[in-house]
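When a residue number appears, it is its place in the shown sequence, counting from 1.
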Amino acid sequence: MRCRRNRGRSRLAAALAVVMCAAAAALTGCGSPGGTVPRCADPLKLAIVAQSVSGTSYVPCISELPEGWSTSGFNPASGGTSFTLDSDRSPGRPVTVRLSATCATVGASPSPPRAPGVLSYTRLTSISPRFAGTLYDVFPGGCVSYQFDFTLGEHIALMEQFQSAVGLYPVQQLRLVLKQKLGVEISP
């Protein structure tokens with residue numbers, strides 16, 4: 001009986017060590033910026049993102065990338081995380097996704113919310129010759145901003161595609177998944 005208990009504690013300690021080392025490496029700049037952007041089904045990477053903004057209710061993640069889209073520039077850091085989305089239909093004009101503690105939404109117009117408890121806003125900086133601006137998802141403890149710049153004509157489809165590609169994963173659910181599957185807890 002004692003051997004089983006110690007073995008269980010060893011597994012818990014090992015899992016916790018892996019998560020904490022990965023988080024520490026990423027948040028101190030020792031991680032590999034440009035690494036793989038977290039998918040919504042990757043709790044370890046989502047934990048790193050959640051640790052970058054203490055108290056955030058949601059973290060951005062990739063739900064499903066539409067054909068012709070790719071990700072790059074995964075950069076978790078203390079105070080926020082960012083990554084980019086690139087489309088082959090808008091080369092050289094990536095969408096920058098950034099999680100931070102706050103956003104300045106002054107001058108932005110309300111948009112339909114993208115998740116429960118989220119307030120969404122859009123601020124356009126250009127309508128012609130390009131469709132450019134920032135979409136914001138604001139929630140308790142954080143904000144995700146999406147800076148975009150698309151060619152007119154393609155912009156409606158591209159907006160829909162990037163919004164469906166990036167999901168908002170509830171941190172409360174992430175805590176449950178980490179505890180149930182790995183026996184690990186992340187700090188609030």
Side-chain angles (χ1 to χ4, degrees), residues 12 14-88 90 94-103 113-118 120 134-148 158-188:
L12 172 62
L16 183 58
V18 168
V19 170
M20 292 302 128
C21 286
L27 296 177
T28 60
C30 298
S32 58
T36 307
V37 174
R39 296 212 171 254
C40 296
D42 185 352
L44 290 178
K45 280 204 174 172
L46 293 178
I48 293 169
V49 176
Q51 293 295 301
S52 74
V53 176
S54 179
T56 186
S57 300
Y58 287 93
V59 292
C61 55
I62 300 301
S63 298
E64 183 79 30
L65 275 179
E67 189 174 323
W69 286 82
S70 61
T71 63
S72 62
F74 177 52
N75 188 16
S78 181
T81 294
S82 63
F83 59 87
T84 58
L85 294 168
D86 297 286
S87 170
D88 60 1
S90 186
V95 176
T96 302
V97 179
R98 185 169 287 116
L99 170 67
S100 56
T102 62
C103 288
R114 294 178 13 94
V118 173
S120 297
T134 307
L135 173 69
Y136 302 95
D137 287 326
V138 182
F139 39 81
C143 173
V144 177
S145 62
Y146 313 80
Q147 290 182 302
F148 58 87
L158 292 171
M159 289 289 293
E160 289 175 358
Q161 288 175 356
F162 95 72
Q163 288 181 56
S164 69
V166 180
L168 294 174
Y169 197 94
V171 172
Q172 184 175 12
Q173 181 179 343
L174 175 61
R175 283 193 180 98
L176 290 172
V177 168
L178 288 170
K179 187 165 179 104
Q180 290 172 349
K181 291 189 177 182
L182 301 173
V184 175
E185 293 184 8
I186 57 174
S187 61

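Under the side chain to side chain contact (heavy atoms under 4.5 Å, CB included) criterion, A41 pairs with no residue, sequence neighbours left out. With sequence neighbours left out, V97 forms a side chain to side chain contact (heavy atoms under 4.5 Å, CB included) with P60, F83, L85, V95, V144, Y146, V166. With sequence neighbours left out, the side chain to side chain contact (heavy atoms under 4.5 Å, CB included) criterion links Q161 to P66, W69, R89, L158.
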Q.
Could you go through K179 and V184, starting from their C-alpha distance and side-chain angles, then the distance that decides it, and tell me whether this counts as side chain to side chain contact (heavy atoms under 4.5 Å, CB included)?
A. CA-CA 5 Å; K179 187 165 179 104; V184 175; over 6 Å; no
Q.
Test side chain to side chain contact (heavy atoms under 4.5 Å, CB included) on T71 and D86; report intermediate values, then the result.
A. CA-CA 6 Å; T71 63; D86 297 286; over 6 Å; no
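L46 and P38 make their closest contact through CD2-CB, 4.0 Å (heavy atoms, listed as atom of the first residue, atom of the second, distance). Heavy-atom minimum distance, T134 versus F148: N-CE2, 3.5 Å. The shortest heavy-atom contact between G117 and P140 is O-CD, 3.9 Å. Considering all non-hydrogen atoms of both residues, F139 and T56 come closest at CE1-OG1, 3.1 Å. The two atoms that bring C61 and Y169 nearest to each other are SG-CB, 3.8 Å, heavy atoms only. Nearest heavy-atom pair across S63 and R39 is O-NH1, 4.3 Å.
From D42, atom CG reaches atom CG of L174 across 10.0 Å, with rounding to the nearest 0.5 Å. Here the CG atom belonging to L65 is positioned 7.5 Å from the OG atom belonging to S70, to the nearest 0.5 angstrom. Here the CG atom belonging to L178 is positioned 6.5 Å from the CG atom belonging to L44, to the nearest 0.5 angstrom. Rounding to the nearest 0.5 angstrom, the gap separating the OG atom in S164 from the CE atom in M159 is 11.5 Å. Expressed to the nearest 0.5 Å, how far OG of S120 lies from CD of Q163 amounts to 8.0 Å.
Looking at heavy atoms from C-beta onward, Y58 lies in side-chain contact with P116 at the 4.5 angstrom threshold. Counting heavy atoms from C-beta on, the side chains of V37 and K45 never come closer than 4.5 Å. Counting heavy atoms from C-beta on, the side chains of V49 and P76 never come closer than 4.5 Å.
In this structure, a donor-acceptor pair under 3.5 Å is present between the side chains of S72 and T84. Between S52 and T81, the side chains place a donor N or O and an acceptor N or O closer than 3.5 Å (distance only, hydrogens not considered).
When each of V53, L168, L99 is paired with V59, the side chain to side chain contact (heavy atoms under 4.5 Å, CB included) condition holds for L99 and for no other.
Remark: side-chain polar atoms of R114 are not paired, donor with acceptor, to backbone N or O of G167 under 3.5 angstrom.
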